[in-house]
**Q** 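Encoded as structure tokens, here's the structure I'll be asking about.
The figures that follow rest on heavy atoms only: side chains count, while hydrogens, waters and symmetry mates do not. Every chain is numbered from 1 and lettered A, B, ... according to where its sequence line falls, protein lines coming before strand lines.
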Amino acid sequence: MALQDRTRFEPAEVEPRIIERWLASGLFHPDPEDPTPGWSVAIPPPNVTGALHMGHALNGSVQDALVRRHRMQGERTKWILGTDHAGIATQTQVEKLLASEGTSREALGREAFIARTWAWRERYGGTIIGQLERLGASCDYASERFTLDDGYVRAVLEVFTRLYDKGLIYRDNYMVNWDPGSHSAISDLEVEEREVDDHLYAIAYPLAGGSGEVVVATVRPETMLADTAIAVHPDDERHAHLVGRTAVLPLVGRELPIIADAYVKPDFGTGCLKITPGHDPNDFEIGRRHELPEISVIGEDGRMTEAAGPSYAGLGVLDARERVVADLGDAVRSVEAYRHTVPFSHRSGERIEPLISLQWFMAMHELARPALDAVRDGRLRIHPASERRRYERWLQEIRPWCISRQLWWGHQIPVFYRGDEVHVGTRAPDGEGWTQDPDVLDTWFSSALWPFATLGWPQDTAELRAFYPTAVLSTARDILFLWVARMVMMGLEFTGDVPFRDVYVHSVIQAPDGRRMSKSLGTGIDPLEEIERHGADAVRFGLLAMSSTQDVKYSPEKVAQGQALANKLFNASRFVLGKVPEGTRPAPRPAAVEDRWILSRLQAIKADTAARFAAFDFSKLAFGLYDFVYRELCDWYLELIKHREVDEDLGATLLHVLRETLALAHPVIPFVTEELWEHAGGGEGEHGLLAGARMPAVDDALRDPAAEAAIEAVIGAVTTVRGWRNDAQVKPGAFLRARLNAAGYEQTAGLVARLARLDLSANGGDPAATVAVPGGTVEVLASGDFDPAEAQQRLEQQRADLRREIARAEGKLGNQGFVAKAPPDVVAAEREKLARLRADLEAL
RNA sequence: GCGCGCGUAGCUCAGGUGGUCAGAGCACCGCCCUUACAAGGCGGCGGCCGCCGGUUCGAGUCCGGCCGCGCGCACCA
């Protein structure tokens, strides 16, 4: 496309074309054998079932900005890409599909179901990869991984086996969060608390021997069928006499010992707690402490079991509750409405049924300690600091991780049983009768190996040597424990090094009204639709600009700002490239003070941008670029040089500034900059792409404080005169005859004259108005082009403002306390300010 | 309940270590089709910086207490 044919940047036309060039260039697929230092990022693997949402888009923008910047710094950069098999999510999707076909997973059988799921994944699994491409993410698409591919499976087996041999993975009957929805145990981290309205029942249990009773409170009367004790607080004098005695469980007749345990809150309810180790996590702990029997009356299907007795067996939990309450009759002493929070499955949304179940667990304390140390000694840095504190707290209070899931889709647990024999390994030992554990591992077990399993571990590959540890892990805060902390533990355990040096925890993007973005609420905004509407550059810029250390509301204005920036850069480039002669070689060749100024400002924005990248301050990074392009480059520099003849020097400087600006902005808005780069001469190498060009370094020799001061004055003077013209109702096009009575404009009077539309050539005539500008005044000579009365009013306003400021400064300096106690330089600055204000007033 | 964070122009947000810090974008008003951009340019309106105290010569900026909101952790059956 000829650049001069359009006045607007058209992302929809340009971006797909640019993507093709990037992918064809091979720039995103680094050679691991190359000796250049490696720099890598591992993408949080999206679910194969997933589609790009705003969180992915933000995280993609963050990671891509980092990756592109480092690639342009000459590092051998790899962005590790892949998808997660996402056990529950994927299995649920496929089961839904089967249901719509009138069949089911059970009808198919395990092998066929898994084959079907693979086929489903082949067909629908890759959509998010294409969507990342559309965002402009420069991932290594040529070596995409999957958490169930062959190499990955080997890594998982290796880790399982080694942890088992170390005794850190073990099988136990333990209280788990049973999710009746997915028919599987789930980990503590997959449980969410929700507030519900329940009833609190007070139930009387008679003491053995008929000498009184003990009243307990419960929201789940049906679980009493599994009670094995009553507990009171050891210091509770009201109930001290009960400890050691025995109560009789109503309906069942079982004798329950009355024990003392500090867990019981004496001031809650009656101060007496029924203990049900089989169906309550806290009771389970108490039961283990006191070696109580563990009875289960609720099964994995959520129905009462035979152990509940003939009149309850087979009933659903709620029906059983009703029946129990009815059967208790007078023993129910009170029922009151009760609101409290209870656990629900994050996945299925069903209420968790705490059950004792035979599951695989991972002991975490031994693994957690090195992960804590890594943060404390600085090998791992977490940004922002508040997230680091969360990380530490969780690791300190870490609990065993239930890693088995009663699913089919995933890494089947590599353990084989034959009678009492147990064998851990890839395949069953020789001989008949071995059966493999039917469960699969928690999806997060395999995700925890992501940064090294994707690079070929446990083999010692060139990729592993080149790209491990990765540099930065960028993620949202909701998976800091679920994923990030576990990667650190596994990385340290199996590679001896942290899996990444920096963790950047980014904002969660909420809907514009502050609610959570979600499909079910209808509050979601599709990033792809935003990209279609405004361009990928605009969305990337907007997301980075709105990011923060806190959650943020989605801001369409910031996306619009990004779109405006892309367009501005497009038009600025059209202007520059239309002026620069063919064959110009870009170079800083300042011929005038404004050239020295823009070159100096360019060094400043380069340095600021580098610092903001280092600090993960993406919002300031984005706004800083916006401000430089809009304000300094377009509003001022291009206006300042507009009427100069573009000779070799100016041409070289213009092209230099443009190209460095494009390079600097490329990591944030890669498409428009890549497109314009080609028009601005392109780059080295066969592809000539900006994505593969070098990031310009800061050149301190081009910093020029004198030029900055001179142009600052010009900007101040022009702005002030424009404001005055507006107030004095000067005809917009008129060039007013005026005298510039001010210091500091030796080289720039002509610039002021042109941009403020003044004719400074006249020396005669009476001043009809005075305007204060930095360093002095502009005296405007009488003419018919403005209204003297309005001008006078404006002048009075200016004088009043000055007098007010003078009075404030005088008051401050007249304050003994200030002069005596404030630091000398602050006092001196105040005196200087006062003198300047007085001089300004004098001049008017 | 404990912990963390936030409440600054109509809206969304910036404002390390207290002294031009009262800002940006959008919205709004006025003027301008000035040959890069009218989805543009120029200028402007607009804020007891949540409330009440305190520390200080001086406080959006520090301390305490309220009020409102968000998040994290733990939950009392």
**Q** The side chain of A:Lys812 lies closest to which of these nucleotides: B:G19, B:G3, B:G25?
**A** B:G19
**Q** Counting only side-chain nitrogens and oxygens, does A:Arg533 get under 4.0 Å of the OP1 or OP2 atom of B:A39?
**A** no
**Q** By the 4.0 Å heavy-atom rule, please label A:Gln563 as base, sugar-phosphate, or nothing.
**A** base
**Q** For B:U35, which nucleotide in any strand shown is its Watson-Crick or wobble partner with both distances under 3.5 Å?
**A** none
**Q** Where each residue is assigned the nucleotide of RNA chain B containing its nearest heavy atom, which of A:Asp627 and A:Leu273 is assigned the position nearer the 5′ end?
**A** A:Asp627
**Q** For atom C1', what is the distance between B:G43 and B:C6, given to the nearest Å?
**A** 35 Å
**Q** When the ring planes of A:Phe9 and A:Phe570 are compared, do they come out parallel, tilted or perpendicular, using 30° and 60° as the limits?
**A** tilted
**Q** Could you tell me how far B:A24 sits from B:G18 if I compare only their C1' atoms? Round to whole Å.
**A** 23 Å
**Q** Tell me, with the steps shown, if A:Leu249 and A:Tyr205 meet side chain to side chain contact (heavy atoms under 4.5 Å, CB included).
**A** CA-CA 6 Å; A:Leu249 183 59; A:Tyr205 291 18; 3.6 Å; yes
**Q** Within this structure, what is the CD-to-C1' distance between A:Glu832 and B:U20, rounded to whole angstrom?
**A** 13 Å
**Q** Do A:Phe786 and A:Trp724 have their ring centres less than 6.0 Å from each other?
**A** yes
**Q** Looking only at side-chain N and O atoms, does A:Lys274 offer a donor or acceptor that is under 3.5 Å from a partner on A:Thr276?
**A** yes
**Q** Using 30° and 60° as the class boundaries, would you call the ring planes of A:Phe541 and A:Phe623 parallel, tilted or perpendicular?
**A** perpendicular
**Q** So which nucleotide does B:A24 pair with, by the Watson-Crick or G-U wobble rule with both distances under 3.5 Å?
**A** B:U12
**Q** Whether the side chain of A:Arg808 and the base of B:U20 hold a donor-acceptor pair under 3.5 Å is what I'd like checked.
**A** no
**Q** Using Watson-Crick or G-U wobble geometry with both distances under 3.5 Å, which nucleotide pairs with B:G3?
**A** B:C71
**Q** Do A:Gln396 and A:Tyr391 have a side chain donor and acceptor closer than 3.5 Å?
**A** no
**Q** When the distance from CG of A:Leu480 to P of B:C4 is rounded to whole Å, what number comes out?
**A** 18 Å
**Q** Rounded to the nearest 0.5 Å, how far does CG of A:Asp537 lie from CG of A:Leu569?
**A** 9.5 Å
**Q** If we call it a pair only when both distances are under 3.5 Å in a Watson-Crick or G-U wobble match, what pairs with B:C62?
**A** B:G54
**Q** Would you mind pulling out the nucleotide paired to B:G46, Watson-Crick or G-U wobble, both distances under 3.5 Å?
**A** none
**Q** Please classify the nucleic acid contact of A:Tyr630 as base, sugar-phosphate, or nothing, using heavy-atom distances under 4.0 Å.
**A** sugar-phosphate
**Q** Answer with base, sugar-phosphate or nothing: what part of the nucleic acid does A:Asp283 contact at a heavy-atom distance below 4.0 Å?
**A** nothing
**Q** Which label fits B:G60, syn or anti, where anti is any glycosidic angle not within 90° of 0?
**A** syn
**Q** Mind checking if A:Pro823 touches a base, just sugar-phosphate, or nothing, with heavy atoms under 4.0 Å?
**A** base
**Q** Starting at CZ of A:Arg389 and ending at C1' of B:C2, how long is that distance when rounded to a whole Å?
**A** 15 Å
**Q** Using the P atom in both, what is the distance from B:C29 to B:G10, to the nearest Å?
**A** 16 Å
**Q** Going by atom types alone, do A:Gln563 and A:His534 pair a side-chain donor with an acceptor below 3.5 Å?
**A** yes
**Q** Rounded to whole Å, please give me the gap between CG in A:Asn567 and C1' in B:A38.
**A** 11 Å
**Q** Can you figure out which of B:A39, B:G25, B:G43 approaches the side chain of A:Arg8 most closely?
**A** B:A39
**Q** Say we look at B:C33 and B:A38: how far apart would their P atoms be, to the nearest angstrom?
**A** 14 Å
**Q** Hey, does A:Val219 reach any base, or is it just sugar-phosphate, or nothing, if we go heavy atoms under 4.0 Å?
**A** sugar-phosphate
**Q** What are the atom names and distances for every N/O pair under 3.5 Å that joins the protein to nucleotides 9-15 of chain B?
**A**
unit_1, atom_1, unit_2, atom_2, d
B:U12, O2, A:Lys558, NZ, 3.4

**Q** Between B:C62 and B:G15, how far apart are the two P atoms, rounded to whole Å?
**A** 12 Å
**Q** Looking for any heavy atom pair under 4.0 Å, which part of the strands does A:Thr719 touch: base, sugar-phosphate only, or nothing?
**A** sugar-phosphate
**Q** Please work out if A:Arg388 contacts a base, only the sugar-phosphate, or nothing of the nucleic acid, heavy-atom cut-off 4.0 Å.
**A** nothing
**Q** Would you mind building the protein contact string for nucleotides 28-36 of chain B? One character per nucleotide, 5' to 3', B for base within reach (heavy atoms under 4.0 Å), S for sugar-phosphate only, - for untouched.
**A** --BSS-B-B
**Q** Without decimals, in angstroms, what is the distance between A:Ile509 CD1 and B:C71 C1'?
**A** 16 Å
**Q** Rounded off to whole Å, could you give me the CD-to-C1' distance for the A:Glu192 and B:C71 pair?
**A** 15 Å
**Q** I'd like to know if the side chain of A:Lys558 reaches the main chain of A:Leu544, judged simply by a donor and an acceptor atom lying under 3.5 Å from each other, with no hydrogens or angles considered.
**A** no
**Q** For A:Phe818 and B:G58, what is the distance between atoms CZ and P respectively, to the nearest whole Å?
**A** 11 Å
**Q** As a quick check of understanding, evaluate side-chain hydrogen bond (donor to acceptor under 3.5 Å, both in side chains) for A:Glu530 and A:Tyr554, giving each step before the final call.
**A** CA-CA 12 Å; A:Glu530 290 291 276; A:Tyr554 185 76; 2.7 Å; yes
**Q** Output yes when a side-chain donor or acceptor of A:Arg659 lies under 3.5 Å from a complementary backbone atom of A:Ala680, and no otherwise.
**A** yes
**Q** Considering only atom P, compute the distance from B:A9 to B:A74 and round it to an integer number of Å.
**A** 36 Å
**Q** Determine the Euclidean distance between corresponding P atoms of B:G64 and B:G23; express it in Å to zero decimal places.
**A** 30 Å
**Q** Round to a whole Å and report the spacing from CD1 of A:Ile715 to P of B:C42.
**A** 11 Å
**Q** Between B:C37 and B:U20, how far apart are the P atoms? Round to whole Å, please.
**A** 41 Å
**Q** Answer yes if the side chains of A:His290 and A:Asp261 hold a donor-acceptor pair under 3.5 Å, and no otherwise.
**A** yes
